[in-house]
Amino acid sequence: MAEIKKYKTLKGGIKFENFKGQIEGSVVEFPVPERVIIPLKQGFGDEVEPIVKIGDKVKCGEIIGISEKNISSPVHASISGYVRDIIEKNYFGRETKYIIIEGDGKNDEFEKLKYHDKKFEEMSPSEIGEKLYLSGVTSLGRAGIPTKFKSSFVNPEDIEYLIIHGIGSEIYNVLIDKILEGKKLFNFVKGIEVLKKLFTNIKKVYLAINRYEKKFIEEISKLTYDFEWLEISLIEPKYPSGYDEVLIPTLLKKDFPYGYSAANIGVIVLNIRAILYVYEAIFENKPFIETIIGLGGPSFKENLHLKVRIGTPIKNVTKEYLKDDKDIRIILNSLITGEKIDDLDLPIDRATNHIIAIKENKERRFLSFLRPNFRGYSYTNAFLNFVDKYPDTNMHGEKRPCINCGYCYEVCPVNIIPHLIIKFVMKNIFDERLMEYGIFKCIECNLCSFVCPSKIPVSHYIKEGQHKLINIGCDRSQCILPYFQLKGIEEYRGVKKL
Amino acid sequence: MKNFINFLNSIVKIRGLHRFKPVVKAIDEFFYGTEKITEEPPHIVDYIDIKRYMSTVIIALIPSVISSIYFYGWRVIFLIFISYIFGGLAEVIFSIIKKKDIEEGFLVTGLIFPLTLPPTVPWWVCAIGILFGVIFGKEVFGGTGRNIFNPALTGRVFITVSYPKIMTTSWYIPFNKGIGGFSSFKPDAITSATPLMIFKSSNEIINLKDLLFGNYPGCIGETFKIGIIIGGLFLIFTKVANWRIPFFYIFSVFIFSLIGNLFSPKMFAPPLFQILTGGLLFGAFFMATDPVTMPSTNEGKIIAGFLLGLLTIIIRVFSGYVEGVMFSILLVNGFTPLIDYLIIEKKYKPYRRNEKY
């Protein structure tokens with residue numbers, strides 16, 4: 001029987017509650033766009049080579065980009081039509097190739113995957129791996145899903161633990177009970193079985209779930225009654241408990257090689273939707289051309305779950321659902337760590353989970369520091385904010401010197417002292433003391449910048465310190481490599497920083 | 001209001017007056033929130049800022065201030081006013097010299113300082129104290145966040161040493177009937193001794209109820225214990241103050257005085273009497289929780305709390321001064337860098353010894 005342990009909580013972190021504009025409702029199908037723009041680098045892995053030319057006719061689900069040399073997964077045409085153009089575009093500071101496809105409206109049929117006539121029970125692990133690789137699902141997760149192909153830098157035999165997380169500790173989260181509504185819950189369980197079969201040496205599968213999702217936990221524990229290899233772990237939904245660096249020490253009681261990947265110590269962390277896509281690839285023979293995203297934030301008219309084709313430009317979604325305000329900031333994936341989107345022509349790709357829209361607030365409020373601030377959000381209890389909190393982009397205060405208040409130290413999930421480190425960085429002192437104080441342990445969760453009452457961009461300084469240290473020859477590998485038996489390390493170093 | 005600030009802004013553009021820009025900027029920022037927006041992730045930041053942080057401490061001090069008016073008359077407000085004027089003046093002059101923004105730290109210093117003085121202290125002594133505290137306790141170190149010693153206590157020690165007669169003998173019996181001091185300016189000229197002095201000279205112990213309600217002579221803001229406890233708990237609830245230092249301070253005073261009282265009841269007062277007399281609660285909740293001058297690590301805070309308790313008892317029992325809170329806090333302020341250094345060395349030493357990162 002799948003055992004349910006007492007819930008676990010991480011050190012530090014913040015529980016974000018009551019933010020206005022939570023994602024709700026069942027998954028809605030977004031209309032298939034007439035034109036898609038498909039990046040050749042999606043999710044984990046390097047950029048792939050285009051195998052189509054301008055003017056070619058492509059079918060929905062056909063592979064249009066694949067690379068045998070690099071660690072990558074194939075990319076598919078998400079609608080059927082003609083290749084209009086292959087362009088280069090800046091994607092958050094990185095030049096990436098995009099294939100633009102003009103649709104012809106025949107999107108109902110998609111190209112079936114290899115082995116589509118074979119039943120799952122008859123498939124061998126390597127065949128499952130090939131099918132997953134060809135479907136493109138393997139590019140999900142922080143380190144991909146390892147197969148016999150070059151979809152990750154480790155081999156499937158190296159994987160000992162699989163962690164599936166659906167904790168939802170961010171400010172806006174897709175709801176797992178809406179994504180796994182009805183029959184999809186069975187599909188999800190089947191998807192876990194597929195991965196169990198793929199990773200032949202797996203010891204245990206962990207399912208990390210928000211401990212307040214009582215109904216979901218009950219249902220899933222009934223369904224997985226006879227899986228003795230599955231453990232359902234209840235987790236307090238504190239940000240950043242969805243991070244690999246935090247999940248692995250809390251669940252497995254294992255040290256994490258900070259700065260490297262969980263796959264290096266034989267652990268794969270995937271989110272719930274990835275498992276669903278695995279099911280779709282294996283049982284429905286469907287390439288990875290559709291993804292579920294959530295629209296979060298009070299600046300959307302409706303906060304929905306959308307099922308969209310990969311490559312749909314973000315402006316298609318925002319045109320439909322965004323409010324008519326002028327000052328809106330659109331953010332990809334996460335309010336705390338995500339990037340701001342200025343170019344709405346950028347597409348939704350495999351790694352997109354959420355699109356968040358919040359108000360750009362430049363308003364100067366009269367005596368703002370004395371108000372009770374019913375809409376305010378804070379780590380402290382200095383505000384009367386028990387009701388709905390409206391996120392906005394104002395700084396809410398002037399920059400001041402650090403007063404050692406210790407909030408960054410209290411919220412830090414990896415137990416470093418951020419205010420101590422930034423004092424070194426601000427004074428331009430770079431030596432091994434910084435490494436001793438754990439500057440390379442930083443997981444860039446940005447909570448220290450969030451809580452700082454002096455409005456110091458703490459995480460920015462930590463990142464700056466890391467870069468300067470690397471420039472003078474102090475690498476993070478010096479802190480990690482001697483103490484861990486890491487797998488696939490040669491390949492990992494080959495991959496550029498993602 | 002906006003017009004007034006615009007007017008000030010236009011004035012400082014005149015040549016020669018541009019030095020006063022920090023002052024205008026501080027006024028502007030005081031009345032209106034910022035228009036700056038986040039530039040990089042995180043896209044939203046916490047609502048708390050230093051102004052809110054400091055004003056939370058001021059809110060927590062309100063019970064003490066009101067009760068002190070009740071006990072000692074409206075002169076208390078006059079002293080607070082003096083302290084703000086002179087403390088603010090020092091802050092403004094230094095910000096003009098440094099060409100940096102005015103920092104909000106003095107809002108708290110300027111309120112805490114007069115509350116630690118005897119009720120009839122002359123206004124010029126108060127002014128000298130706060131000037132010394134702000135300049136030599138804070139500004140010479142580089143301003144808020146860099147000071148080693150608590151500025152309010154630095155000022156108080158200076159005037160205690162310079163004017164010992166005023167600072168150690170002028171204790172007055174507070175008003176305790178009817179509307180108390182709300183109808184008068186200063187306390188009646190009946191001098192008395194503080195409970196700690198009485199204990200030292202005659203081993204007499206005032207009953208705990210009087211101590212709780214502050215019905216005994218003492219410094220301006222430190223006698224109404226209930227108000228201080230409420231304010232302190234409010235600070236801890238809002239997370240502006242960390243609970244560790246006040247808790248371990250009071251706990252260790254309790255322990256050490258209990259042990260001392262068992263062996264020598266003549267020298268050591270009983271624990272509850274120790275906790276409820278003098279400035280102990282006021283110091284524990286409002287001065288020992290100052291984040292700048294106290295250790296920043298959790299373990300360091302516990303050590304500092306115990307050290308504070310030990311030093312307080314030692315000074316109260318064995319020295320010529322009856323009150324040990326002020327000196328113990330300043331001494332621990334001096335120890336703070338050492339405590340933090342030792343804790344951080346111990347915590348992060350494993351990495352140097354080539355153990356697991």
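These numbers come from the heavy atoms of this one structure, side chains and all, not from hydrogens, waters or symmetry mates. So that the names make sense, note that chain A is the first sequence line, chain B the second, and so on, each numbered from 1.
Nearest heavy atoms, B:I44 versus A:Y377: CB-OH, 3.6 Å. Among all heavy-atom pairs drawn from B:F237 and A:N381, the shortest one is O-ND2, 2.7 Å. Between A:H419 and B:S296, the shortest heavy-atom distance links the atoms CE1-OG, 3.4 Å. Between A:S449 and B:P42, the shortest heavy-atom contact is CB-CD, 3.6 Å.
B:I48 is not listed as a side-chain neighbour of A:V451, based on a closest heavy-atom distance of 4.5 Å or more. Side chains of B:I37 and A:N361 form no contact here, defined as non-hydrogen atoms less than 4.5 Å apart. Inter-residue side-chain proximity for B:H43 and A:K340 is flagged as met; some heavy-atom pair is nearer than 4.5 Å.
Among residues 133-154 of chain B, the residues having any heavy atom closer than 4.5 Å to a heavy atom of chain A are, in sequence order, B:T144, B:G145. Chain B is approached within less than 4.5 Å, heavy atom to heavy atom, by A:P391, A:D392, A:T393, A:N394, A:M395, A:H396, A:G397 from residues 388-397 of chain A, ordered by number. Residues of residues 227-236 of chain B placed with any heavy atom under 4.5 Å of a heavy atom in chain A are absent; none qualify.
Other residues, nucleotides and ligands contribute only 12 or fewer heavy atoms inside 6.0 Å of the CZ atom of B:F251. Other residues, nucleotides and ligands place no more than 12 heavy atoms under 6.0 Å from the NZ atom of B:K99. Surrounding CZ of A:R364 are more than 12 heavy atoms belonging to other residues, nucleotides or ligands, all under 6.0 Å away. Atom NZ of A:K15 has more than 12 heavy atoms from other residues, nucleotides or ligands within 6.0 Å. Within 6.0 Å of atom OH in B:Y341, 12 or fewer heavy atoms from other residues, nucleotides or ligands are found, so the atom counts as exposed in its surroundings. The number of heavy-atom neighbours closer than 6.0 Å to NZ of A:K463, taken from other residues, nucleotides and ligands shown, is above 12. Environment of CZ in A:F16: crowded, with over 12 heavy atoms of neighbouring residues, nucleotides or ligands closer than 6.0 Å. For A:K359, the NZ atom sits in a loose shell: 12 or fewer heavy atoms of surrounding residues, nucleotides or ligands are nearer than 6.0 Å.
Options A:G406, A:P401, A:A382 differ in how many heavy-atom pairs under 4.5 Å they form with chain B, and the most are formed by A:A382. Top candidate by heavy-atom pairs under 4.5 Å with chain B, chosen from A:I14, A:I356, A:T337, is A:T337. Of all the listed residues (A:E363, A:E410, A:R371), the one sharing the greatest number of non-hydrogen pairs under 4.5 Å with chain B is A:R371. The choice from A:I416, A:I331, A:L447 that makes the most heavy-atom pairs within less than 4.5 Å of chain B is A:I331. Ranked by heavy-atom pairs shorter than 4.5 Å toward chain A, the options B:N242, B:V240, B:I59 are led by B:V240. Ranked by heavy-atom pairs shorter than 4.5 Å toward chain B, the options A:C402, A:P457, A:S454 are led by A:S454. The greatest number of non-hydrogen atom pairs below 4.5 Å with chain A, out of B:K100, B:E35, B:E103, B:R52, is found for B:R52.
Neither the backbone nor the side chain of B:T293 comes within less than 4.5 Å of any heavy atom in chain A. Using a 4.5 Å cut-off between heavy atoms, A:F366 touches chain B through backbone and side chain atoms alike.
Legend: residues meeting side-chain contact (heavy atoms from CB on, under 4.5 Å) with A:L367, ordered by chain and number and at least two apart, are A:F369, A:L370, B:F30, B:F31.
Donor-acceptor pairing under 3.5 Å is recorded for the side chains of A:R329 and B:T38.
Judged by the 6.0 Å distance and 45° axis criteria, A:R365 is not positioned over the aromatic ring of B:Y32.
The backbone N or O of A:Y379 sits less than 3.5 Å from a side-chain atom of B:K239, completing a donor-acceptor pair.
Checked options A:K399, A:E398, A:R400; the residue passing with B:D101 is A:R400 (criterion: side chain to side chain contact (heavy atoms under 4.5 Å, CB included)).
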Go through it in stages, so that I can follow the logic: the residues are A:S378 and B:D46, the test is side chain to side chain donor-acceptor pair (under 3.5 Å), and I'd like the CA-CA distance, side-chain angles, deciding distance and then a yes or no. CA-CA 5 Å; A:S378 179; B:D46 208 307; 2.7 Å; yes

Run the side-chain contact (heavy atoms from CB on, under 4.5 Å) check on B:Y53 and A:T380 step by step: do they pass? CA-CA 9 Å; B:Y53 193 91; A:T380 62; 5.9 Å; no

